[in-house]
Amino acid sequence: AEAELMRSQRLESLSLLAAGLSHDLRNILQPLLIVPELIAQRSEDPRLHQLAKVVAECGRRGHEMAESMLSFVRGSRRASERIQLSDLFHAVQLLLKGSLPRQVELEVRLSDPALTLEGNYTELQQCLLNLCLNAIQAMPGGGRLELAAEEADGGVRLVVIDTGDGMDAQTLEQLFIPFFTTKSSGTGLGLVSCKRIVDGLGGRIAVASTPGEGTRFDVWLPAPADEAGAEAEEAAPLMAGQG
Ligand code: ADP
């Protein structure tokens, strides 16, 4: 479970990195795709032609790399599905098992065992895992981790509460900034990726924390479209055919 955890975390971090890298790489390589040809056109020197060819080939390979990184990122934007929250919580519990210190007590609560969500299973699992792992890491001396879900505001609210170190105002401000971390071996990408996932589903993340007492993350996600009510239905005919 530990390895699986590490793998899925790294995959998630990687896709964030890859998105940024591929974008920059494509821009940086642009001259390499054009300039060698110009040089070859304007020079009779066979040695220069040869060099231009080498440079152009590097540009082509780099561009190919950027493209395949981009498609990796796009491919990881996975399809939405109906998710049984009890399944999701169960999976998170299993994955946490390996990283749960003895002195941390885990409590999982579902207000209704039939609660469902609309989203991508792997992504939501990753998001909850990130929040729970942060919570565990904030409780080096032990404490209680609470994972709960309830219906709220026409959607579902997921709550992750810990009785750990908490955060000061300055940390709270920087939480969602990529690469912000207070840990010696942190990536600073966990909450960034959580937020990306939640934003992608039209949801919201809220944080409340008190230094020395603990932290509470609230993730609110909208209800599946067909339960969103009649208002959405009324607008539907206008959208027809836009696929
Ligand atoms: P990382 O865990 O790699 O540092 P994150 O984006 O997941 O990256 O978290 C960023 C920072 O937010 C952490 O380094 C930590 O300072 C703070 N943080 C996140 N969750 C908690 C929590 N439950 N309790 C205390 N601090 C937290």
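The first residue in the sequence is number 1, and the count goes up from there. These numbers come from a predicted model, not from an experiment. Just follow the structure's listing: the first ligand is 1, and inside any ligand the first atom is 1.
- With Q174 contributing its side chain and Q170 its backbone, the two residues share a donor-acceptor pair below 3.5 Å.
- Note that OG1 of T116 is 12.0 Å distant from CD of E81, once rounded to the nearest 0.5 Å.
- A cation-pi arrangement is absent between R157 and W220 under the rule of less than 6.0 angstrom and at most 45 degrees off the ring axis.
- Remark: K183 pairs with N134, Q137 by the side-chain hydrogen bond (donor to acceptor under 3.5 Å, both in side chains) rule, at least two apart or across chains.
- At most 12 heavy atoms of other shown residues, nucleotides or ligands fall within 6.0 angstrom of atom NE2 in H90.
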Check ligand 1 for N or O atoms under 3.5 Å from a protein N or O and list each pair with its distance.
| from | atom 1 | to | atom 2 | distance (Å) |
| --- | --- | --- | --- | --- |
| ligand 1 | 2 (O) | N134 | OD1 | 3.0 |
| ligand 1 | 2 (O) | K183 | NZ | 2.7 |
| ligand 1 | 3 (O) | T187 | N | 2.8 |
| ligand 1 | 3 (O) | G188 | N | 3.0 |
| ligand 1 | 4 (O) | T181 | OG1 | 2.5 |
| ligand 1 | 6 (O) | G190 | N | 3.4 |
| ligand 1 | 6 (O) | L191 | N | 2.9 |
| ligand 1 | 7 (O) | N134 | OD1 | 3.3 |
| ligand 1 | 7 (O) | N134 | ND2 | 2.8 |
| ligand 1 | 7 (O) | L191 | N | 3.4 |
| ligand 1 | 8 (O) | G188 | N | 3.4 |
| ligand 1 | 14 (O) | T181 | OG1 | 3.3 |
| ligand 1 | 14 (O) | T182 | N | 2.9 |
| ligand 1 | 14 (O) | T182 | OG1 | 3.2 |
| ligand 1 | 16 (O) | T182 | OG1 | 2.4 |
| ligand 1 | 23 (N) | D162 | OD2 | 2.9 |
| ligand 1 | 24 (N) | T215 | OG1 | 3.4 |

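- Looking at heavy atoms from C-beta onward, L158 lies out of side-chain contact with L147 at the 4.5 angstrom threshold.
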